[in-house]
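In this text, all values refer to a predicted model and were calculated from it rather than measured experimentally.
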Amino acid sequence: MIGLLIRGVLRLLSKLPMPVARRLMGAVVAAGWHLGGSGRHITTANLAHCRDDLTPGDRKALARDAARQTAWLFAEQGAVWYWPRERWAALIDDRQARPLLESALRGDAADPAAGEEPQGTLLLVPHLGNWELLSLYLGDYGVTA
């Protein structure tokens, strides 16, 4: 039942322009934050354990920002699941990354004169932003993510 509800919400979000979907989910998470949801308490407690270098106010701000980023990620899932490729691909600005990615995937780092063979490429990317969308994007290059 909960899975059907989530799919329904994602389908609804996919019908909205991305900025509207993000604002909507941001408002939902902000309401949950002010109501003291469990996510707020868990995030705040985890930050207290791993970021004792921050003031309580800074940890609170970081926790709220993490909640907002999570809301935006959820808002983007409608696009990832239900938009056609051309529409979600238009969201990606890869002008700087594309030449580096293509070079790495071609194995340009190998030096054939030294008898080196291309060995494959391991992409290390931060887990920041929508990595599900990144997986779809990398699929165009035959990358399994």
Side-chain angles (χ1 to χ4, degrees), residues 1-111 116 118-145:
M1 181 67 177
I2 202 79
L4 289 175
L5 177 63
I6 291 171
R7 288 183 65 151
V9 170
L10 290 176
R11 181 149 325 256
L12 172 68
L13 290 170
S14 76
K15 304 291 184 194
L16 301 173
M18 187 62 66
V20 174
R22 283 182 176 167
R23 277 195 294 272
L24 177 63
M25 289 309 302
V28 169
V29 167
W33 183 269
H34 289 296
L35 294 173
S38 63
R40 170 182 165 183
H41 298 297
I42 291 168
T43 302
T44 304
N46 286 341
L47 286 172
H49 290 296
C50 67
R51 291 302 308 267
D52 62 356
D53 59 315
L54 297 178
T55 67
D58 288 341
R59 284 195 299 269
K60 182 179 178 182
L62 182 59
R64 289 185 74 178
D65 188 49
R68 182 175 43 257
Q69 294 294 327
T70 301
W72 289 353
L73 175 66
F74 189 81
E76 293 170 1
Q77 290 311 297
V80 170
W81 284 22
Y82 296 109
W83 283 7
R85 187 211 178 285
E86 297 77 26
R87 188 170 176 198
W88 60 254
L91 299 174
I92 299 172
D93 179 0
D94 63 353
R95 289 174 289 182
Q96 291 180 332
R98 180 181 295 252
L100 296 172
L101 177 62
E102 290 175 353
S103 173
L105 294 174
R106 280 192 311 267
D108 290 351
D111 182 2
E116 295 177 0
Q119 297 295 314
T121 302
L122 176 63
L123 298 175
L124 300 176
V125 297
H127 189 250
L128 178 64
N130 194 326
W131 53 268
E132 291 89 351
L133 187 59
L134 177 64
S135 295
L136 293 174
Y137 172 79
L138 291 175
D140 288 348
Y141 293 94
V143 172
T144 301

Asks: Between Ala79 and Ser14, which heavy-atom pair has the shortest distance, and what is it?
Replies: N-CB, 4.3 Å

Asks: Heavy atoms, side chains only, cut-off 4.5 Å: are Glu76 and Leu133 in contact?
Replies: no

Asks: How far does CD of Glu102 sit from CG of Leu100, to the nearest 0.5 angstrom?
Replies: 10.0 Å

Asks: State, to 0.1 Å, how close Arg87 and Leu16 come at their nearest heavy-atom pair, and which atoms those are.
Replies: NH2-O, 4.2 Å

Asks: Identify the two heavy atoms, one from Met25 and one from Ala75, that lie closest to each other, and give their separation to 0.1 Å.
Replies: CG-CB, 3.7 Å

Asks: Apply ring-ring contact (aromatic ring centres under 6.0 Å, His included) to Tyr141 and list each qualifying residue two or more places apart in sequence or on a separate chain.
Replies: Tyr137

Asks: Do Arg7 and Trp81 come within less than 4.5 Å of each other through their side chains, counting heavy atoms only?
Replies: yes

Asks: Drop me the distance from Leu10's CG to Leu5's CG, to the nearest 0.5 angstrom.
Replies: 9.5 Å

Asks: For the residue pair Arg85 and Trp88, would you count it as a cation-pi contact if the rule is NZ or CZ under 6.0 angstrom from the ring centre and within 45 degrees of the ring axis?
Replies: yes

Asks: So does Ala66 get a backbone contact from the side chain of Thr70, meaning a donor-acceptor N/O pair under 3.5 Å?
Replies: yes

Asks: CD/Gln69 to CZ/Arg64 distance, rounded to the nearest 0.5 angstrom?
Replies: 13.5 Å

Asks: In Å and rounded to the nearest 0.5 Å, what is the CG to NZ distance from Leu62 to Lys60?
Replies: 13.0 Å

Asks: Identify the two heavy atoms, one from Thr44 and one from Arg40, that lie closest to each other, and give their separation to 0.1 Å.
Replies: OG1-O, 2.7 Å

Asks: Do Phe74 and Val29 have side chains that get closer than 4.5 Å, going by heavy atoms?
Replies: no

Asks: Closest approach of Leu54 and Arg59, non-hydrogen atoms and distance?
Replies: O-NH1, 2.6 Å

Asks: Of all heavy-atom pairs between Ala63 and Trp33, which one has the smallest distance, and what is that distance?
Replies: CB-CH2, 3.4 Å

Asks: Just verifying a value: how many Å separate Asp53 CG and Asp58 CG, rounded to the nearest 0.5 Å?
Replies: 9.0 Å

Asks: Taking only residues two or more places apart in sequence or in another chain, which ones pass salt bridge (charged side-chain N to carboxylate O under 4.0 Å, His left out) with Arg68?
Replies: Asp65

Asks: Would you give the length of the straight line joining atom NZ of Lys15 to atom CG of Leu12, rounded to the nearest 0.5 angstrom?
Replies: 9.5 Å

Asks: So, do Gln77 and Leu73 sit near enough that their side-chain heavy atoms are less than 4.5 Å apart?
Replies: yes

